[in-house]
Amino acid sequence: MEILYKVHNNLYVNLTNKCPYACTFCLRQTMDRIGESDRLWLEREPSVEEVKKEFEKFDMTQYNEVVFCGFGEPTERFDALKEIAEFVKEKYNKPIRINTNGLANLITGRRAALELDGRVDAVSVSLNASTPEGYDAVCHSKFGLEAFSEILKFTGTAVLNVPHVRMTVVSTMPQKEIEACKRVCERIGADFHVREYISK
């Protein structure tokens with residue numbers, strides 16, 4: 001079971017395969033792996049202690065940051081994520097990033113972005129549309145049209161207490177929609193990033 005895996009010079013944490021989305025562009029639909037992993041489908045969700053122990057297998061001096069991002073939405077295990085992030089910062093002094101769909105508030109029933117203060121150095125939120133209807137058509141969230149406003153609320157709060165916050169879109173989107181998404185990011189104070197779409 002692959003819990004940690006390398007992408008470029010970063011070490012990624014694969015906490016869960018749960019996700020409230022069925023995005024049309026999701027890598028899980030076309031592949032079993034990312035980066036230097038073999039298979040990111042988990043047999044079961046690893047315990048916090050298992051994840052901590054897994055770090056002992058890696059030379060942590062070789063990695064720039066630790067990223068919570070696997071074949072699922074990492075905030076589906078928000079409390080475990082926080083505990084592991086604290087452990088990594090204390091033991092290895094590595095920056096922490098979360099790649100997320102931004103629905104942690106709905107998933108946890110809490111103002112989750114407030115709990116990232118001091119634990120996380122960067123948050124990357126997948127945006128991929130500039131309107132609630134466009135977002136729902138692409139992401140197929142189980143929360144429906146409510147999801148769009150919630151990711152903006154989460155990101156806007158994260159901007160206030162996380163050093164680096166960005167929203168991303170995939171490069172295959174029409175240029176006009178990319179520009180509209182950029183304006184959404186500017187309104188809430190997040191950085192904007194167009195990421196290359198990987199299809200296989």
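Basis for what follows: all heavy atoms, side chains included, without hydrogens, waters or symmetry-related copies. We're numbering straight along the sequence, starting at 1.
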Checklist entry - Would F154 and N105 count as a side-chain contact (heavy atoms from CB on, under 4.5 Å) if you check the C-alpha gap in whole Å, the side-chain angles of each, and the deciding distance to 0.1 Å? => result CA-CA 7 Å; F154 170 86; N105 291 349; 3.9 Å; yes
Checklist entry - Taking it one step at a time, do T100 and V123 satisfy side-chain contact (heavy atoms from CB on, under 4.5 Å)? => result CA-CA 7 Å; T100 177; V123 173; 3.9 Å; yes
Checklist entry - side-chain contact (heavy atoms from CB on, under 4.5 Å) between F55 and L4: does it pass, once the steps are laid out? => result CA-CA 8 Å; F55 279 97; L4 303 181; 3.8 Å; yes
Next on the checklist: Run the salt bridge (charged side-chain N to carboxylate O under 4.0 Å, His left out) test on K53 and E56 for me, step by step, so that the C-alpha distance in whole Å, both residues' side-chain angles and the decisive distance to 0.1 Å come before the verdict.
Outcome noted: CA-CA 6 Å; K53 195 158 187 65; E56 297 175 6; 3.7 Å; yes
Next on the checklist: Between E186 and M167, does the side-chain contact (heavy atoms from CB on, under 4.5 Å) criterion hold? Intermediate values first, please.
Outcome noted: CA-CA 10 Å; E186 289 172 346; M167 302 190 90; over 6 Å; no
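Nearest heavy-atom pair across E177 and S130 is OE2-N, 2.7 Å. Between V170 and I178 the shortest heavy-atom distance is O-CD1, 4.3 Å. Taking both residues in full, the closest heavy atoms of H140 and V138 are given as CD2-O, 3.5 Å, listed atom of the first, atom of the second, then distance. In terms of heavy atoms, L103 sits closest to N101 at N-OD1, 2.9 Å. Closest non-hydrogen pair, M173 versus C181, comes out as CE-SG, 3.7 Å. In this structure, I151 and S126 approach most closely via the heavy-atom pair CD1-O, 4.2 Å.
Between the side chain of N10 and the backbone N or O of E65, at least one donor-acceptor pair lies under 3.5 Å. No side-chain donor-acceptor contact under 3.5 Å links T155 to the backbone of L152. Using modelled atom types, one side-chain atom of R77 and one backbone atom of L15 make a donor-acceptor pair closer than 3.5 Å.
Taking 4.5 Å as the limit, some side-chain heavy atom of E146 sits within range of a side-chain heavy atom of L106. Using a 4.5 Å heavy-atom threshold, the side chains of I107 and P20 count as touching. A 4.5 Å side-chain heavy-atom check between M1 and P46 finds at least one atom pair inside the cut-off. For the pair F68/I96, a side-chain contact is recorded, criterion being any heavy-atom separation below 4.5 Å from C-beta on. The side-chain heavy atoms of V51 and V13, taken from C-beta on, include a pair separated by under 4.5 Å.
N93 CG: 12 or fewer foreign heavy atoms inside a 6.0 Å radius. Atom NZ of K82 is surrounded by more than 12 heavy atoms from other residues, nucleotides or ligands within 6.0 Å. Within 6.0 Å of NZ on K89 lie more than 12 heavy atoms contributed by other residues, nucleotides or ligands. Atom CZ of R110 has more than 12 heavy atoms from other residues, nucleotides or ligands within 6.0 Å.
A salt bridge links E54 and K57; the closest N-O separation between the charged side-chain nitrogens and carboxylate oxygens is under 4.0 Å.
A continuous path of Ile, Leu, Val, Met, Phe, Trp and Tyr side chains, each step under 4.5 Å between heavy atoms, connects Y92 with I98, placing both in one hydrophobic cluster. M60 and I3 end up in the same hydrophobic cluster when Ile, Leu, Val, Met, Phe, Trp and Tyr side chains are linked at under 4.5 Å. Follow the hydrophobic side-chain contacts under 4.5 Å out from L160 and you never reach F192; the two are in separate clusters. Criterion: ILVMFWY side-chain heavy atoms under 4.5 Å apart, direct or through other members. Under it, L145 and V125 are not part of a common hydrophobic cluster. Linking ILVMFWY residues whenever their side-chain heavy atoms come closer than 4.5 Å, directly or via other members, leaves L114 and F78 in distinct clusters.
Put simply, CD1 on I188 and NZ on K153 are 12.5 Å apart, with the number rounded to the nearest 0.5 Å. How far OG1 of T168 is from CZ of R195: 3.5 Å, rounded to the nearest 0.5 Å. Note: I84 CD1 to E50 CD = 10.0 Å, rounded to the nearest 0.5 Å. Note: Q62 CD to N9 CG = 8.5 Å, rounded to the nearest 0.5 Å. The line from CG of N99 to CD of E73 is 9.5 Å long, rounded to the nearest 0.5 Å. The CD atom of E150 sits 9.0 Å away from atom CZ of F143, with the distance rounded to the nearest 0.5 Å.
Side-chain contact, E76 with T16: no donor N or O sits under 3.5 Å from an acceptor N or O.
Relative orientation of the Y5 and Y12 rings is tilted, given thresholds of 30° and 60° on the angle between their planes.
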